[in-house]
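Atoms within each ligand, like the ligands themselves, are counted from 1 in listed order.
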Amino acid sequence: MHRACSLQRVIIHFDYDCFYASVVENENPALKSVPLAIQQKQIVVTCNYEARRRGLRKLQLITEARKVCPEAVIVLGEDLTRFRDASKDLYNFLQQSIWSGRAERLGFDEVWLDCTDMIDYNIGLLNLNDLSHSFFCMNKDDPTIGFAYDASNVYGPTYPSSPCPTTVLSEQDEELRLRFVLGSHLARHLRHELESQKGYTSTVGIAMNKLLAKLAGNVNKPKNQTTILPPREPLGDPERTVIRFLDDHDIGKIPGIGFKLAQKIRAHVLGREAAFSEGPTYAGTKELVTVFDVRSYPGMGPKRLDEILAGPGSFKGIGGKIWDLLNGMDDAEVAKVRRVPSQISQEDSYMKYLHTFEEVKKQLHILGERLIRRMHMDLLEDDDDGGGIGDCETLRRRWIAHPRTLRLSTRPRPLSGPDGGRARASQRISRSAPMPNFVFNLNETPSTLALRLADEALVPMFRKLHHEQASWNLSLINVAATNMAETAAETKESKGRDIGRMFRRQDEILKDFRVTAPSEEVNDTRSAIPDRSAAQSLDAMMAESTSDIPVEDDWDSEDGKSQQLERCEICENAIPAFALAAHRRYHDLSN
Ligand code: DGT
Ligand code: MG
């Protein structure tokens, strides 16, 4: 029953073309015609297509890139704010264009949309006698909103690229084909809207599930789309399109099969460990082991995969799950749009010691200010009510959620091993406290609020985490706003407490009594970041660059989720965050 339903789904996957470079180009259109590379640490994380034409590649060392294309414009992209903001804007645009509320992001530049309901509705509107003059309705409440299209033909490239003349589609596959014809036109429309309204081109895949939609997009890059068409049945038939499509892929390229799983499968098929290609960044495999190689390996199936993949980190039924993926089956739903992020965090990494207390405090202020700015971007919305007070921009905005907890995490740099070599990266330690209410005050600048946040909350938290008086050897500091309390109930009708309004009212009452200080000089936060350019070995640099460039999860970096440690204020031991409450009870009992 469930599988039958999932066969009907129409999923569209977006991958924005050379995303970071496009963000920079959109800020400065003159860069569109020149080779442009975006640098993080010592790596080109992406480059535009003009640069790619001249031999630049993603994840190339900057030194190499300068040799290959000395004329390339290299822009520093370590501050992710502009990319995050653009990503959020594009995501909002896409999710508002569809009906299902199912729009899921992956990183900053990929989005899946579940368009099944729109396709269902528009199939119902078709005049089967005149498919070439169809109209795709984008708004059920207003039948004039939408676009004209030719439903007798798929738009853009397809897989297979042309139908096999001998294949006769079953009635069910004919129906499916029509659904994907409509999906292909909807994808074209959304791509074009994204380009004309937002200035971003994208590469799109249209298929019946998330796995296939993502892989389909890779077939024709950039600025293009690919639709996977029937025949899709019968299951297990090698002529099935999906099987043929997947069979050529390297096993490691299948979403859901991570690096370690792929290595285990490769080792089983090859009968030995698969060799790696040497490289400073992602070490790809030298040896291609395709989905076909695995599927057709004697005795291969869910049970055998269970045996191969057993071990730490594997879950019950992993073999069946991976076997499904190898057969193009993926029942995973496209996640629903979330109104607010689960948490917001800002972090920076440091190459050098933070020697003095003033340096630490400055970093906490910088990160605090960035955090407050992000909270404004992600957690404020226009207040229709207007509040009726003043005409200042900030006064017309209100909080849609309040983070209740402020968390400070640091990552002490590991000591060198006995042989003098670098030890593996150490874990983060963190400390949480209630978020002070004053950060929700919209009448103060983020910089002013951040000074207070640093003085009154972050510095005391830092002191509790680190007892040394000076020369802190930290590789990272992260400040986070967590434990979101949504204020969905705080509508005009609601009786809930709206901290933003409370400050506004207070501001109105106090305005005649306020003494205004001369505006404070706001530092350029970027220049305050400790000097990263100090001479260091390439090895050290790469170790930093691979581990410290934030992983983009949610709208934030959060690579320390796995094992947060907090310091017990009584015995000073580092305790896993989840166990801290129980640990405190232990102290209570022993008193
Ligand atoms: P594309 O999709 O091939 O046209 O090019 P991009 O630049 O959109 O590349 P994509 O989709 O793989 O990644 C999206 C952005 O994420 C990209 O603009 C830069 C960043 N990014 C990708 N891979 C890495 C990585 O390994 N490390 C870091 N720090 N950033 C990365
Ligand atoms: Mg991309």
Side-chain angles (χ1 to χ4, degrees), residues 12-27 31-32 35-62 64-65 72-91 94 104-112 190-191 194-195 198-205 213-226 252-253 255 258-259 277 279-284 347-349 476 532 541-559:
I12 303 184
H13 175 265
F14 280 79
D15 181 339
Y16 313 132
D17 298 323
C18 30
F19 181 54
Y20 286 9
S22 301
V23 174
V24 173
E25 284 178 358
N26 273 312
E27 286 171 359
L31 292 173
K32 286 190 181 187
L36 170 69
I38 308 298
Q39 173 177 3
Q40 280 180 353
K41 309 288 174 177
Q42 293 305 310
I43 294 170
V44 170
V45 281
T46 194
C47 49
N48 66 4
Y49 279 89
E50 185 51 42
R52 294 186 200 192
R53 260 191 293 278
R54 300 184 195 202
L56 254 59
R57 284 181 292 107
K58 289 196 278 187
L59 304 185
Q60 194 169 30
L61 282 175
I62 286 287
E64 214 178 290
V73 175
I74 298 179
V75 172
L76 203 61
E78 285 181 11
D79 177 5
L80 300 179
T81 311
R82 66 212 316 201
F83 308 126
R84 185 183 290 114
D85 293 347
S87 170
K88 202 172 161 192
D89 187 37
L90 299 184
Y91 172 74
L94 288 174
E104 180 180 341
R105 282 183 333 112
L106 179 68
F108 281 175
D109 94 327
E110 289 180 54
V111 177
W112 282 279
L190 293 174
R191 274 203 307 120
L194 204 64
E195 185 171 359
K198 299 287 175 185
Y200 287 82
T201 66
S202 50
T203 296
V204 165
K214 180 170 162 66
L215 290 174
N218 293 335
V219 179
N220 292 286
K221 285 181 93 168
K223 271 196 193 188
N224 212 335
Q225 64 182 66
T226 306
K253 289 275 175 353
F259 180 72
S277 49
T281 53
Y282 168 72
E347 68 185 24
D348 216 332
S349 52
L476 177 137
R532 298 153 183 274
M541 195 111 71
M542 294 317 304
E544 291 289 345
S545 38
T546 46
S547 64
D548 288 347
I549 292 175
V551 176
E552 294 124 15
D553 166 280
D554 212 297
W555 291 108
D556 289 297
S557 59
E558 251 314 296
D559 60 21

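Contact annotation: for Lys58 versus ligand 1, heavy atoms closer than 4.0 Å belong to the side chain alone. Proximity of Tyr16 to ligand 1, defined as any heavy-atom pair under 4.0 Å, is confined to the backbone N, CA, C and O atoms. Counting heavy atoms closer than 4.0 Å to ligand 1, residue Tyr200 contributes nothing at all. In Ile43, neither the side chain nor the backbone holds a heavy atom less than 4.0 Å from any atom of ligand 1.
The closest donor-acceptor contact from the side chain of Glu64 to the backbone of Leu61 lies at 3.5 Å or more, if one exists at all. A donor-acceptor pair under 3.5 Å links the side-chain atoms of Arg52 to the main chain of Cys47, judged by distance alone. Of the possible donor and acceptor atoms, none in the side chain of Ser87 sits under 3.5 Å from a partner among the backbone N and O of Phe83. At least one donor-acceptor pair closer than 3.5 Å links the side chain of Gln39 to the backbone N or O of Lys41.
Taken to the nearest 0.5 Å, the OH atom of Tyr20 stands 14.0 Å off from the CG atom of Leu36. Summarising the geometry, atom CD1 belonging to Ile62 is positioned 8.5 Å from atom CG belonging to Leu76; distances are rounded to the nearest 0.5 Å. To the nearest 0.5 Å, atoms OH (Tyr16) and OG1 (Thr46) are separated by 14.5 Å. Between the CG atom of Asp17 and the CG atom of Asn224 there is a distance of 9.5 Å, given to the nearest 0.5 Å. For the atom pair CG of Asp15 and NZ of Lys221, the computed distance is 5.0 Å after rounding to the nearest 0.5 Å.
Every heavy atom of Phe83 sits 4.0 Å or more from the atoms of ligand 1. Residue contact check for ligand 1: Gly107 places no non-hydrogen atom closer than 4.0 Å to it.
Residue contact check: Phe19 has heavy atoms under 4.0 Å from atoms 6 (P), 7 (O), 8 (O), 18 (O) of ligand 1. Under a 4.0 Å criterion applied to the non-hydrogen atoms of Lys221, ligand 1 contributes the atoms 1 (P), 2 (O), 3 (O). Ligand 1 places these atoms under 4.0 Å from at least one heavy atom of Arg52: 1 (P), 3 (O), 4 (O), 5 (O), 7 (O). Under a 4.0 Å criterion applied to the non-hydrogen atoms of Asp15, ligand 1 contributes the atoms 2 (O), 11 (O). Within ligand 1, the atoms closer than 4.0 Å to a non-hydrogen atom of Val45 are 19 (C), 28 (C), 29 (N), 30 (N), numbered from 1 in the order shown.
Taking a 6.0 Å sphere around NZ of Lys32, one finds it holds more than 12 heavy atoms contributed by other residues, nucleotides or ligands.
Backbone or side-chain N, O or S atoms of Asp15 reach the Mg ion (ligand 2) at under 2.8 Å. Under 2.8 Å from the Mg ion (ligand 2) lies no N/O/S atom of Thr203, from backbone or side chain alike. For residue Asp109, an N/O/S atom approaches the Mg ion (ligand 2) to within less than 2.8 Å.
Between Leu59 and ligand 1, no N or O atom pair is found at a separation short of 3.5 Å.
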